[in-house]
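Read the numbers this way: they start at 1 and go in the same order the structure lists the ligands and their atoms.
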Amino acid sequence: MSHTESVGRTDFDRLMIPCYAPDGFIPVRGEGSRVWDQHGRELIDFAGGIAVNALGHAHPSLVRALVEQAGKLWHVSNLYTNEPALRLASKLVAATFAERVFFANSGAEANEAAFKLARRHGLETAGAHKHEIVAALDSFHGRTLFTVSVAGQPKYSAGFGPPIGGIRHVRFNDIGALEAAVSANTCAIVLEPVLGESGVLPAERAYLERARELCDEHGALLVFDEVQTGMGRVGELFAYQRYGVTPDVLTSAKALGGGFPIAAMLTRADLAGHLGVGSHGSTYGGNPLACAVAEAVLDIIATPAVLAGVRERHERFSTELRRIGAQTGLFEQVRGLGLLLGGVLGEAWKGRARDVMRTCEEEGLMVLQAGPDVIRLAPSLVIDAADIDEGMRRLERAARRLRDEAGRACDPDTVLITGVA
Ligand SMILES: *Cc1c(COP(=O)(O)O)cnc(C)c1O
């Protein structure tokens, strides 16, 4: 197949491993919060590549950083260090509690590193018994065997042979359950500050504070998976800063590269020593191209103007979502922090997030789901007011259409006609 030969959506089914079910259109170009498909149809992007495109599509500063680095040096492996990686690490350290950084390529890999660090730390400070990881039910940490085991959602972990053992699962936001699960055998408590994939459910501050205390009491590490909540998404650079609860280990990915694959595990100097030379690694981790782009992303996001802009946009988004919810019955609740928003579907729409997503797409709007009952939005942190308003008009059209279709389905005449057809 030559580079110019055309491909279409049906080729996906012919060529790809069927672990995804992508939408019917194929995006070919993006600019800011607008995306165009193969046929020139324009869509508004409230999905942000699942909280990745934090600065929208083709942001000029990111394009410049990528092109500049592309002409200099792409890859050297970790047999050598490189300037972009050192600059990015220095800026991440300056902006957070962390003193040491490990780079990886995806959220799952950053979490894998965090969990391995926690187990090494437990082993080296207390002994082999200190290996248990306490994690939240319905959490999400990636798709490697270790990360699906920690997340404890059978739909992701079952059917791949024995899962990784030594993991205890507790109900999210349930302080009593957390207290009961943590012991001298615990090496880490692992939490998402906002449950992202499972419904956009923010942690209560008291819950995270109690997790911090329990870790201190038992010599365990508090690990925050900020793959989705980090890099400005909640209106601070990281959600831990908004909650005022500092973890021992933090993982970042998704928005860190603004669309270029990169991830990081951040921790303190005293903990970093538990992953000594040869104990862990990655061929691509800290790749100069990825780090150059991430540095440009961080330079823009870690500014008071952008972070304040996220909080302002939160108000605009949630006001509109509540209005559409009230007028059409589509949403019964709107929740989330910053620009990670969840519209909980109303009674008539329970379990139908996929249908809602599809209808939005037909109206020219890209949105996400977070489980079957929640529509999730994770737009660009710098989305224009005009794009928000136009996206909301499209969402409202989708909501009205769904409501009208549901109304017709209940209308006996329509049922009769449908039956004849
Ligand atoms: C997306 C996500 C991950 C996994 O990241 P990948 O880059 O897909 O490996 C892990 N944790 C959370 C909270 C996420 O949202």
S.K.: Please answer whether the main-chain N or O of Ser282 pairs with a side-chain N or O of Asn78 as donor and acceptor at a distance below 3.5 Å.
M.R.: yes
S.K.: Got the closest protein heavy atom to atom 7 (O) of ligand 1, with its distance?
M.R.: Gly107 N, 2.8 Å
S.K.: Do Ser106 and Glu109 have a side chain donor and acceptor closer than 3.5 Å?
M.R.: yes
S.K.: Can you report which non-hydrogen protein atom sits closest to atom 4 (C) of ligand 1, along with the distance?
M.R.: Gly142 CA, 3.7 Å
S.K.: Show which atoms of ligand 1 fall inside a sub-4.0 Å distance from at least one heavy-atom site of Asn111.
M.R.: 10 (C), 11 (N)
S.K.: What is the minimum heavy-atom distance between Arg394 and Glu363, and which atoms define it?
M.R.: CD-O, 3.2 Å
S.K.: What protein heavy atom is closest to atom 2 (C) of ligand 1, reported as residue, atom name and distance in Å?
M.R.: Lys254 NZ, 2.5 Å
S.K.: How close do Asp299 and Thr303 get, counting heavy atoms only, and between which atoms?
M.R.: O-CG2, 3.3 Å
S.K.: Using a 4.0 Å heavy-atom cut-off, say whether Glu192 meets ligand 1 through its side chain, its backbone, both or neither.
M.R.: side chain
S.K.: Taking the side chain as every heavy atom from C-beta outward, state whether Met392 and Phe46 have any atom pair closer than 4.5 Å.
M.R.: yes
S.K.: Show which atoms of ligand 1 fall inside a sub-4.0 Å distance from at least one heavy-atom site of His141.
M.R.: 10 (C), 11 (N)
S.K.: Which one holds for Thr147 and ligand 1: side chain close, backbone close, both close, or neither close, with close meaning a heavy atom under 4.0 Å?
M.R.: neither
S.K.: Specify the protein heavy atom at minimum distance from atom 11 (N) of ligand 1: its residue, its atom name, and the distance to 0.1 Å.
M.R.: Asp225 OD2, 2.7 Å
S.K.: Got an N/O contact under 3.5 Å between Glu109 and ligand 1?
M.R.: no
S.K.: Looking only at protein heavy atoms, which one is nearest to atom 9 (O) of ligand 1, and how far off is it?
M.R.: Ala108 N, 2.7 Å
S.K.: Heavy atoms only: give me the nearest Arg171-Tyr207 pair and the separation to one decimal.
M.R.: O-OH, 3.6 Å
S.K.: Below 3.5 Å, N or O to N or O, backbone or side chain included: is there any such pair between Val227 and ligand 1?
M.R.: no
S.K.: For Arg9 versus Ile26, what's the shortest heavy-atom pair and its separation?
M.R.: N-CD1, 3.6 Å
S.K.: Can you tell me how far apart CD (Gln69) and CZ (Arg64) are? Round to the nearest 0.5 Å.
M.R.: 14.5 Å
